[in-house]
Amino acid sequence: MAGLQRRLRVDLAGAVDQERLDRLRELLALSPRGRLTDHEDACFGARDTGGAAPRSLALWRDDEQSWSVSLSTPRGSEVDGAELDSWAREAEAAAVAVGLRVVGRKVIALRHDGGSTAVSADGVREAAAIWARAKAHRDRDPEPATVEATAPGIRRRLSLDGAKLLLAQRDGRPAGFALVAPRERTLELFYLAVDPDAWGSGVGTRLLRDVEEHAREVDREVLELWVIDDNERAIGVYERAGWVGTDEVERDPASGRLERRFLRRVD
């Protein structure tokens, strides 16, 4: 179904073997997709309702033990909270029935006017705290920077036209964020950070998928970012998500560290 926007995501945790996967797809009435043995496969089932107000339900593998069920609707369509709750309860009940844990539910409010999304002061502070902890862990600094020192950089990027801050939760707590803004031909990812306590849980993968979805919403076919050239962990995350490094490098004026440009074409 073309022209869809994701409106709901239910995050799940637990090991999935073929028997459990087949049972989950049966309970959700999904057409099978993907193979568990192919680690590049992300979508493992889908159901399109058709009709005047079509809905698309899909099952995703975010990481080895992190899965999610998403609901997408046509661009510009209205979906009330009761309907989203009904879809979420269906996904959660099916997951519990096969032994998976429900670790989060995200309702995605979308705007169709192309304007930037308002972000609360609390959202900026949560993002700043996550960035400070992740950066300290990466650089092996014993003491993270303060929120007051980190937040101005995030606010500066949020002041760009069309900028958007995406916050992710895990077990009901802020666990990661991404900050993007459209350029003339691309959507640039300025920040991507996951709290060190949530590293390896699939939060980063889910955020990158949300970034791709937003790129489609703002009609950008290419994503770009700059990453510290020796940050092997971050580069590994991006490369597994389909990003490709370029020969373009520049030195960050603040840190003096070399950064490399990465690109990803949105399918």
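Just so you know, these numbers use all the heavy atoms, side chains as well, and skip hydrogens, waters and symmetry mates.
Using cut-offs of 30° and 60° for the angle between ring planes, the Phe177 and Tyr191 rings count as tilted.
Taken from CD in Glu224 to CD in Glu188, the straight-line distance is 4.0 Å, to the nearest 0.5 Å. With rounding to the nearest 0.5 Å, the separation of CG in Leu71 from CH2 in Trp87 is 6.0 Å. Between Leu100 atom CG and Gln65 atom CD the span is 9.5 Å, to the nearest 0.5 Å. To the nearest 0.5 Å, atom NZ of residue Lys135 and atom CD1 of residue Ile130 are 16.0 Å apart. Atoms CZ and CG, on Arg233 and Asp230 in that order, are 14.5 Å from each other to the nearest 0.5 Å. Between Leu165 atom CG and Phe190 atom CZ the span is 13.0 Å, to the nearest 0.5 Å.
Checked for salt-bridge contact, Asp252 and Arg257 miss the test: no charged N lies under 4.0 Å from a carboxylate O. In this structure, Arg133 does not pair ionically with Asp197, as no charged nitrogen and carboxylate oxygen lie closer than 4.0 Å. Between Arg23 and Glu26 there is a salt bridge, since at least one side-chain N of the basic residue sits less than 4.0 Å from a carboxylate O of the acidic one. We find that Asp85 and Arg89 are joined by a salt bridge, their nearest charged nitrogen and carboxylate oxygen being less than 4.0 Å apart.
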**Message:** With side chain to side chain contact (heavy atoms under 4.5 Å, CB included) as the criterion, how do Leu263 and Val244 come out once you've worked through the C-alpha distance, each side chain's angles and the decisive distance to 0.1 Å?
**Reply:** CA-CA 5 Å; Leu263 299 174; Val244 178; 5.7 Å; no
**Item:** Intermediate values then yes/no, salt bridge (charged side-chain N to carboxylate O under 4.0 Å, His left out), Arg55 and Glu90
**Value:** CA-CA 14 Å; Arg55 305 287 186 254; Glu90 178 184 350; over 6 Å; no
**Item:** Derivation of the side chain to side chain contact (heavy atoms under 4.5 Å, CB included) call for Arg33 and Phe44
**Value:** CA-CA 4 Å; Arg33 295 184 185 179; Phe44 281 80; 5.6 Å; no
**Request:** Dump the intermediate steps for side chain to side chain contact (heavy atoms under 4.5 Å, CB included) on Val218 and Lys164, then the final yes or no.
**Result:** CA-CA 11 Å; Val218 297; Lys164 184 170 185 178; over 6 Å; no
**Message:** Please determine whether side chain to side chain contact (heavy atoms under 4.5 Å, CB included) holds for the pair Val103 and Leu12, giving the CA-CA distance in whole Å, both sets of side-chain angles, and the decisive distance to 0.1 Å.
**Reply:** CA-CA 6 Å; Val103 296; Leu12 312 170; 5.8 Å; no
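Minimum heavy-atom separation, Pro144 to Ala132: CB-O, 3.8 Å. Scanning all heavy atoms of the two residues, the minimum distance from Val203 to Ala168 falls at CG1-CB, 3.9 Å. The two residues Arg206 and Ser66 have their closest heavy-atom pair at NH1-CB, 3.9 Å. Minimum heavy-atom separation, Ala134 to Ala193: CB-CB, 4.4 Å. Listed here is the closest heavy atom pair of Thr150 and Ala145: OG1-CB, 3.8 Å. Contact record, Ser201 with Ala198: OG-O, 2.6 Å, taken as the closest heavy-atom pair.
Tracing side-chain contacts under 4.5 Å through hydrophobic residues (I, L, V, M, F, W, Y), one never reaches Trp226 starting from Trp131; they form parts of separate clusters. No chain of hydrophobic side-chain contacts below 4.5 Å, direct or via other Ile, Leu, Val, Met, Phe, Trp or Tyr residues, connects Leu225 to Ile228. The hydrophobic cluster containing Leu27 also contains Leu30, counting ILVMFWY residues as joined when their side-chain heavy atoms lie under 4.5 angstrom apart, directly or transitively. Tracing side-chain contacts under 4.5 Å through hydrophobic residues (I, L, V, M, F, W, Y), one reaches Leu187 starting from Val227; they form part of the same cluster.
Arg9 places a side-chain heavy atom less than 4.5 Å from the side chain of Asp11. Side-chain contact between Arg260 and Ile235 is absent, with no heavy-atom pair separated by less than 4.5 Å. Looking at heavy atoms from C-beta onward, Asn231 lies out of side-chain contact with Tyr238 at the 4.5 angstrom threshold. In this structure the side chain of Leu24 never reaches within 4.5 angstrom of the side chain of Val69, judged on heavy atoms. With a 4.5 Å cut-off on side-chain heavy atoms, Leu223 and Trp243 count as touching.
When atom types are taken as modelled, the side chain of Arg125 and the backbone of Val147 share no donor-acceptor pair closer than 3.5 angstrom. At distances below 3.5 Å, not a single donor-acceptor pair connects side-chain atoms of Thr186 with backbone N or O atoms of Val222. Although no hydrogens or angles enter the test, the distance criterion places a donor-acceptor pair under 3.5 Å between the side chain of Arg61 and the main chain of Leu36. Listed for the Arg220 side chain is a donor-acceptor partner under 3.5 Å among the backbone atoms of Arg183. For the pair Arg20 (side chain) and Val98 (backbone), a donor-acceptor distance under 3.5 Å is present. A donor-acceptor distance shorter than 3.5 angstrom exists from the side chain of Trp199 to the backbone of Val194, with no hydrogens or angles considered.
If you chain together ILVMFWY residues whose side-chain heavy atoms come under 4.5 Å of each other, Val249 ends up grouped with Leu258.
Partner of Leu179 under the side chain to side chain contact (heavy atoms under 4.5 Å, CB included) criterion, chosen from Leu189, Val124, Ile154: Ile154.
Remark: Glu221 CD is loosely packed, at most 12 non-hydrogen atoms of other residues, nucleotides or ligands lying under 6.0 Å away. By the 6.0 Å contact criterion, CD on Glu148 is enclosed, its count of non-hydrogen atoms from other residues, nucleotides or ligands being greater than 12.
For the 3.5 Å distance criterion, the side chains of Ser68 and Arg209 qualify, holding a donor opposite an acceptor.
Asp22 meets the side-chain hydrogen bond (donor to acceptor under 3.5 Å, both in side chains) test with Gln18, Arg25; sequence neighbours excluded.
Sorted pairs that involve residues 246-267 and meet ring pair (Phe, Tyr, Trp, His ring centres under 6.0 Å), not counting sequence neighbours, are lacking altogether.
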